[in-house]
Amino acid sequence: MGRTVVIAEKPSVGRDIARVLGCQSSGRGCLTGGDWVVTWAVGHLVTLVEPDELDEKYKRWSFDTLPILPAEIPLKVIASSRDQFAVVRNLINAPETDRLICATDAGREGELIFRYIYEKAGCKKPFDRLWISSMTDEAIQEGFRAIRSGSDYDGLYRSAQCRSQADWLVGMNASRAFTLRYDALLSVGRVQTPTLAILVKRRKEIEDFKPEEYATVTADFGDYRGMYFREGLEPDTHIPKIDDAKALAAQIKNQSATVLSAETTRRRDLPPQLYDLTSLQRDANRLLGFTADKTLKLAQSLYETHKALTYPRTDSRYLTQNMQEKLPELAARVCRALPFASALELHLHPERVVDDSKVSDHPAIIPTAAMPAQAQRINALTTGERDLLHLVCTRLLCALEEPFVYEETAVTLMCGAHEFGAKGRRIIQMGWKRIWYTFRGSLGGRMNEEEKLQENVISADLAEGMKLPVLRASIEEGKTTPPPHHTEGTLLHAMETAGAADIPENAERKGIGTPATRAAIIETLFKCGYMERCKKSLVPTEKG
């Protein structure tokens, strides 16, 4: 049997694979051992050529040469990584090499990195595909046992190639057209420009907003309070004129109100789903103040370097059936490893996070079995890595827990000719929120959420026709406010759901961008000067 060459996406991943394969001898840009050679890219080694490399006439930007629509867009080696491309090309084309294994990241972009190298190197040899979702030794070994033919992923490559060429066609043509039209260097992209449009639309809504004054009237019935409302499609508590609110408060003071209805309903808040990359980025932005780019880099480090997380660039929020039996043990180990969770009692329901039909390339982001060992070496993690890992671990425990159960009582009262509504709830079972609040407390935040849940508890013996005294009436004045500027978290959500109403239910993807690329798109908008940060808000600039 001849030699097998394994091509990883990064040197660090290549070294992990080489260790598992027993490749200990160092070569130029590779590691060797027995019949195995492990080499690597450094991200992209090959890319699409620039327009002026297609034809000299495109060196000068002119409307006369637009649109640029070549029948084929050739590939070129990236100058800065030319030496490593030569290493990979020579290894895969060497006569003694008779088998290749693509071990780039198991996703669309990883597939493109390998295929572009393979094509530019002029290689025709057969290759297999290593597809793993964790960088632990066990996961790598299992990946090699379950290796598949590279042709099984031809569809993924065509998808990646289509995305790459579409970006080129839109970017090269639209950027030149806008730059020529407005006499300013403007970068236009297939994803970045619609993303910018989301921000600009919100800015326009804010600028066009005209605030309106209003007041609300609250009646105090002793044990609880009710707010005046007008019936409609949606009950409205706002009173447009302050004088009308004052008059209403004066009318009901020292009067009695009659209970029109009192209804108690038992409700359940199901546990949250596991994290995909976008939902992790949104929560990390909201709770930890991380940018989307920082969250991705930290998650990638926890995956690659520390082996503590599964593959982060996923759009799935469920696990596969074959992962279910290991979840109780994993949850128990994670619970023991977390300083704020070691004393918590778990009530696990692993079946609710398992659904093979909702797992695409990779399952949801969860901690690996290496997490407890990692906790013992916690000083090896940066503060950001530790906080993000704790967030993912907490979400796993919450997702496996029981629902939050409470009784909600809604009361409608009539005082004179005016209706008042009151709502209150009584907690029956804390469920997953017990874990969530414990985690929030570990972040040093104000822990008043649980108390708020118990506010305005309404007596269960209220009945229709009962009369209650109005002890006092209070007025609160305010002004309607415009929608807020987007944060990174809300922008990620807007990107994820953009155009969802116009996309068929059975479409593979919705929104703009992918979980793996959205953070980079946001960073591109900053670099182009199209938007800026104002505290936590993202605000488009005049140029944007």
For Ala341, enumerate each residue passing the side chain to side chain contact (heavy atoms under 4.5 Å, CB included) test, keeping only those at least two apart in sequence or located in another chain. Cys335, Leu338, Leu344, Leu397
Considering residues at least two apart in sequence or located in another chain, which fulfil the salt bridge (charged side-chain N to carboxylate O under 4.0 Å, His left out) criterion with Lys297? Asp293
Do the charged groups of Lys10 and Glu304 touch, with an N to O distance under 4.0 Å? yes
For Glu402, what residues pass the side chain to side chain contact (heavy atoms under 4.5 Å, CB included) criterion, not counting sequence neighbours? His347, His349, Gln429
Sequence neighbours left out, what pairs pass salt bridge (Lys or Arg N to Asp or Glu O under 4.0 Å) with at least one residue falling in residues 269-288? Asp269-Lys433, Arg282-Glu496, Asp283-Arg286, Asp283-Arg395
For Asp243, the salt bridge (charged side-chain N to carboxylate O under 4.0 Å, His left out) test, sequence neighbours excluded, returns none
With side chain to side chain contact (heavy atoms under 4.5 Å, CB included) as the test, pick out the partner of Cys415 among Ile252, Leu248, Leu468. Ile252
Could you list the donor-acceptor pairs under 3.5 angstrom formed by side chains in residues 254-263, with sequence neighbours left out?
unit_1 : atom_1 : unit_2 : atom_2 : d
Thr258 : OG1    : Lys467 : NZ     : 2.9

State whether a side-chain donor-acceptor pair under 3.5 Å links Ser301 with Glu385. yes
Using a strict 4.0 Å threshold on nitrogen-to-oxygen distance, state whether Arg202 and Glu205 make a salt bridge. yes
Across all chains, not counting sequence neighbours, the side chain to side chain contact (heavy atoms under 4.5 Å, CB included) partners of Thr195 are Val191, Leu491, Met495, Ile512, Ile521, Leu525
For atom CD of Glu325, is the number of surrounding heavy atoms from other residues, nucleotides or ligands below 6.0 Å larger than 12? no
Among all residues two or more places apart in sequence or in another chain, which pass the salt bridge (charged side-chain N to carboxylate O under 4.0 Å, His left out) test with Arg352? none
Side chain to side chain donor-acceptor pair (under 3.5 Å) pairs touching residues 521-536, sequence neighbours excluded, are Glu488-Arg533
Just to verify, what does Pro328 make a side chain to side chain contact (heavy atoms under 4.5 Å, CB included) with, not counting sequence neighbours? Leu348, Pro350
Does anything in residues 235-268 pair up under ring pair (Phe, Tyr, Trp, His ring centres under 6.0 Å), and if so which pairs, sequence neighbours excluded? Tyr214-His238
Output all residues satisfying salt bridge (charged side-chain N to carboxylate O under 4.0 Å, His left out) with Glu542, sequence neighbours left out; order by chain, then residue number. Arg203
Any Leu186 side-chain heavy atom under 4.5 Å of Lys543 side chain: yes
